[in-house]
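For reference, the structure discussed in these notes is given below.
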Amino acid sequence: MPDRIIFYPLDVTYKIRNNHAVIYLYGKTAEQRVCVTYAQFQPYFYVEPQTITPQLITELKINPEIVDVQAVTKKNLGRNITLLKVFTQLPQQVPFVKSKLQRHPQIKNCYEYDILFTRRFLMDMRITPLSPIQVTGNFVNDHSKVQVFQAEQFDSAEQTKTDYRILSIDIETYNPKGKGMDVEQPILMIALYGDDYKKVLTWKNIPDCEVFQNEQQMLQRFKEVIEQQKPEILTGYYSDGFDLPYIIARAKKYNLNLDVGLDYSILTDEKRDDIKITGIVHLDVFQFVKHVIGRSLKSGNYKLDSVASELLGERKHPIDIENLAAEWDSNSSRLSQFAAYNLQDTKITFQLCKKLLPNMEELSKIIGLPLFDICRMSFSRLVESYIMNQTAQYNELIPNKIDEQTMRTRRMKTYAGGFVYQPTPGLYENVAVFDFRSLYPTIIISHNISPSSYKCSCCYDVIAETKDWFCKKEKGFLPTVLEDIVTRRAKLKQLLKKDNNIMLEAQSNALKLLANSFYGYLGFAPARWYSFESAANVTALGRKYIQSVITEAEQSGFSVTYSDTDSIFLRLGNTSKEEAHTFVERINAKLQGIMELDYEGFYPAALFVSAKASTIGAKKKYAMLNEHGQLKIRGFETVRRNWSIIAKQIQLRVLEMLLKEKDKEKAVLYVKEMVRAVRAHKIPAEQMIIGTQLTRAIESYGSIGPHVAVAQRMVQKGMSVPPGTIINFIVAEGSGVVRERACSLEEMGKKLYDANYYIDHQIIPSVDRILAVVGVDIKNEVLPQKSLQNFFT
DNA sequence: AGAGCGCGGGG
DNA sequence: GTGTACGCGCTCT
């Protein structure tokens, strides 16, 4: 007698058992974690023959890897197409059989051969991650940490919600000042934070911590806590790139088996930049922030402190982590503050995860992909996955990915982008920023923009600028999918008016995100549904619409400072902030449908710099001062690590002097003074250090940059420089290219740093475009003699 | 000018 | 895992 369970799928994988692909769905019932297996799903793909003949089908069936062939009809961009559905024994045979059949003289093309097997299963079986399903089958014995339920059948179930157990992790490592990630150094603390467990593990006597003899025992305990806490979600901040790879590397050193997977699989970071744990969803909050919500944040960076501060109103503990190594060595009593700092990081990561989870959950359900994938995908991939999920409903064929050559061709072909109101470089006061993102979805829907409706033979209604037209009679697949998103969202908004439910809100956000990403997807070169003509006409129409808003803004007494694809920066002039609000309301009242101008924020000061070698303002490169006196810096590369401390410091001070203090003379004097100090070698060499990461094995470098040259000498001295090492170097005086003069701090000895290099390549580039805005040519200010010298010789 | 390479997040 | 991010800017060749 079979059992029945209500199951919430969280993640999916598959294994080969007895020459058969078996799906392993990991998730939970209302009570506990469970693994559901299913063995009746067969891999397949499609081939398009010249003509379908019984002989061809018979011939294909002789193939040892092919288990069945069926004729099917699908729609391919509006046209019907007859195909053969070719089933193989194993998923990995699909690409193999596809390559073989592609060479067959009677076969024109192959389709859907690169849809991941687990993805195919979810789509075809209509199994939606996180949505409960009724599973009929039996509990069986298997080598697993959770009960395994062998499924015979899946049925729909009542859509109820369940909670997930989250465990947040964060490590602190021994990392003496100035060094990058170095897995040769030990992990000092591991914090874990969940609903029933909030603890810091360490191996020195620190109050309120779980103290171990050594790092190895601490790591062993880390594994135990995961086993005891039984999280469904393990979260961290940049845990894909730091915490987990670090833990894996240290465990490897001690030959410690990190078999945390629910099938006893070992945690590994081999050959991938994300880390998957079988049966436990590893959510790296940073990935989701960076890919999905980053653009909507006020903060210009994605550091944990900034993001938590903005989303939670909670900060990291204000402690200088650079001092940890020294305090550790001296057994300082202040170590408990570092433990508290460590725990705080897991706490805010836990809270961020909880806060963002509804959005991720709804995206996961709407797009039909597991949370693991959702939290790591960029907009275009989210859109593509959503469209792929919709193909079944419309019987559409999924277009193939394209080859490298086509990709290059697509990338070469450009079209006029979104409207860019060229900012006049300048320092402005009272700037209001508006977001105009729902413009493009409306255009795609109302103008039926899609590849299948492009230049139809039945209607002719040209778009003035492009002389193109789109069918008015037959709706294209893509506009249909997009309109469905918009309609669903409109209904949700009605519901939200009555019931301000967090999940409905998240659903609405997910749909908004998809709708707003649709246009970008059409022009995204690797897109399966890429359509140059569609993208080009969307922007052409967009420019028309936006320009009319800009005209209106100007007529209302605002000056437009800057505008690009999705935002407009207005200078208030004599008008007030309230009038800006009124203006937005007035525009919104006129806009049709869901078209909407969002008020993004108000900035008392804003600085726009010019693009390189141009008097036109650079796109997405500006610094603004918000109402709380914080600088919002966008697009300046100097904030990065591979600039010297001195250059970063000078840039920040100059921006502060211009935006906060509004004192350009002071800024110029400051730069001149710093240049003089650099020239006189009054700045300590430490401030001149440029840190660049060695990303691979030293032998594998073709071109030898300054950091590689320094690393080569380190190797000669017998030091180990594994990939990931940050090479700190200083450019010393002398002749030859930069590489020949790059030295580590130790190698500097009595040598002097090359003042000219730092002035020309670090300091001036970090401020020249900023100061150019206020009419200062810093190069001339700093090097006034040059022109005179030329004059006299 | 084109190719090669590193940046972000973490400590 | 039916696999291999992204877009920009610097340095070397």
Side-chain angles (χ1 to χ4, degrees), chain A residues 13-16 21 43-45 88 90-99 110 112-121 170-183 185 187-189 236-246 271-274 276 284-287 289-291 294 301-307 320-325 338 341-342 345 376-381 401 411 524-526 612 619-621 635 637-643 690-696 700-709 724 726-727 737-740 742 761-762 765:
Chain A
T13 180
Y14 76 94
K15 286 175 201 210
I16 305 301
Y44 69 88
F45 69 108
T88 67
L90 297 174
Q92 53 265 50
Q93 288 166 339
V94 167
F96 174 74
V97 175
K98 172 249 169 185
S99 313
C110 300
E112 303 196 12
Y113 46 80
D114 59 352
I115 314 297
L116 301 182
F117 183 60
T118 51
R119 173 89 177 108
R120 178 97 272 171
F121 164 80
D170 182 51
I171 64 168
E172 305 301 332
T173 63
Y174 186 82
N175 187 0
K177 195 174 166 153
K179 290 219 171 174
M181 174 165 160
D182 178 6
V183 296
Q185 302 291 356
I187 297 171
L188 308 181
M189 300 170 185
Y237 201 85
Y238 198 48
S239 40
D240 266 344
F242 185 74
D243 303 79
L244 289 181
Y246 212 116
K271 282 183 191 173
R272 48 189 317 148
D273 35 24
D274 48 29
K276 199 153 192 161
D284 183 344
V285 174
F286 163 70
Q287 298 279 11
V289 168
K290 178 181 145 191
H291 289 127
N301 65 63
Y302 306 145
K303 288 178 200 296
L304 176 58
D305 189 48
S306 319
V307 175
D320 195 347
I321 193 65
E322 288 203 346
N323 299 329
L324 172 58
F338 286 93
Y341 166 91
N342 193 192
D345 277 7
R376 290 172 177 78
M377 283 163 90
S378 58
F379 290 119
S380 295
R381 296 287 173 212
K401 281 193 194 158
R411 288 212 164 112
F524 178 54
K612 207 171 188 177
K619 218 180 164 186
K620 296 182 175 68
K621 200 163 178 172
E637 310 76 19
T638 24
V639 295
R640 295 182 184 186
R641 147 169 96 212
N642 62 339
W643 283 75
I690 298 169
T692 305
Q693 189 177 207
L694 208 63
T695 54
R696 40 203 172 88
S700 69
Y701 277 89
S703 84
I704 311 297
H707 66 301
V708 182
I726 306 281
I727 306 297
V737 294
V738 178
R739 162 184 14 122
E740 290 157 27
H761 295 269
Q762 294 268 318

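Since the model is a prediction, treat every value here as computed from it, not as a measurement. Throughout, protein chains are lettered first and strands after them, A, B, ... in sequence-line order, and every chain is numbered starting at 1.
- Residues satisfying the ring pair (Phe, Tyr, Trp, His ring centres under 6.0 Å) test with A/F242, not counting sequence neighbours, are A/Y246.
- Residue-level contact check: A/Q92 touches neither bases nor backbone, having no heavy atom under 4.0 Å from any strand.
- Listed by chain and residue number, nothing satisfies the side-chain hydrogen bond (donor to acceptor under 3.5 Å, both in side chains) test with A/N323 (two or more places apart in sequence, or in another chain).
- The side-chain hydrogen bond (donor to acceptor under 3.5 Å, both in side chains) test applied to A/Y238 returns no partner, not counting sequence neighbours.
- Applying the side chain to side chain contact (heavy atoms under 4.5 Å, CB included) rule to A/R739 yields the partners A/I704, A/A709, A/V737; only residues at least two apart in sequence or on another chain are considered.
- In this view, A/I16 and A/Y14, A/A21, A/L90, A/P91, A/Q92 satisfy the side chain to side chain contact (heavy atoms under 4.5 Å, CB included) rule, not counting sequence neighbours.
- Between B/dG9, B/dG10, B/dG11, one nucleotide has an atom nearer to the side chain of A/L304 than all others, and that is B/dG10.
- Within 4.0 Å of A/K401, counting heavy atoms only, lie sugar-phosphate atoms of the nucleic acid but no base atom.
- Every residue meeting the side chain to side chain contact (heavy atoms under 4.5 Å, CB included) condition with A/P526, not counting sequence neighbours, appears here in chain and number order: A/R381, A/M407, A/R411, A/F524.
- Here A/D345 lies in heavy-atom contact (under 4.0 Å) with sugar-phosphate atoms only.
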Enumerate the protein-to-nucleotides 1-3 of chain B contacts in which both atoms are nitrogen or oxygen and the separation is below 3.5 Å.
none

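- A heavy-atom distance below 4.0 Å to DNA chain C is reached by none of the residues of residues 238-246 of chain A.
- For A/H761, the ring pair (Phe, Tyr, Trp, His ring centres under 6.0 Å) partners are A/Y757, not counting sequence neighbours.
- Side-chain proximity of A/H707 to C/dT11, B/dG9, B/dG6: nearest is B/dG6.
- Taking every side-chain heavy atom of A/D170 into account, B/dG11 is the closest of B/dG9, B/dG11, C/dT11.
- Residue A/K290 has no polar side-chain atom (N or O) positioned under 4.0 Å from OP1 or OP2 of B/dG10.
- For C/dA5, neither phosphate oxygen OP1 nor OP2 lies less than 4.0 angstrom from any side-chain nitrogen or oxygen of A/H291.
- Residue A/F96 is out of contact with every strand shown, counting any heavy-atom pair closer than 4.0 Å.
- At a threshold of 4.0 angstrom between heavy atoms, the contacts of A/P91 include nucleobase atoms, whether or not backbone atoms are also involved.
- Residue contacts shown for A/S378 are absent, as no nucleic acid heavy atom lies under 4.0 Å away.
- Side-chain N/O atoms of A/R119 include none lying less than 4.0 angstrom from OP1 or OP2 on C/dG1.
- Side chain of A/R739, nearest nucleotide from B/dG11, B/dG9, C/dC12: C/dC12.
- Using a 4.0 Å heavy-atom criterion, one finds that A/F524 contacts the sugar-phosphate atoms exclusively.
- Considering only the side chain of A/V738, C/dC12 comes nearest among C/dC6, C/dC12, B/dG11.
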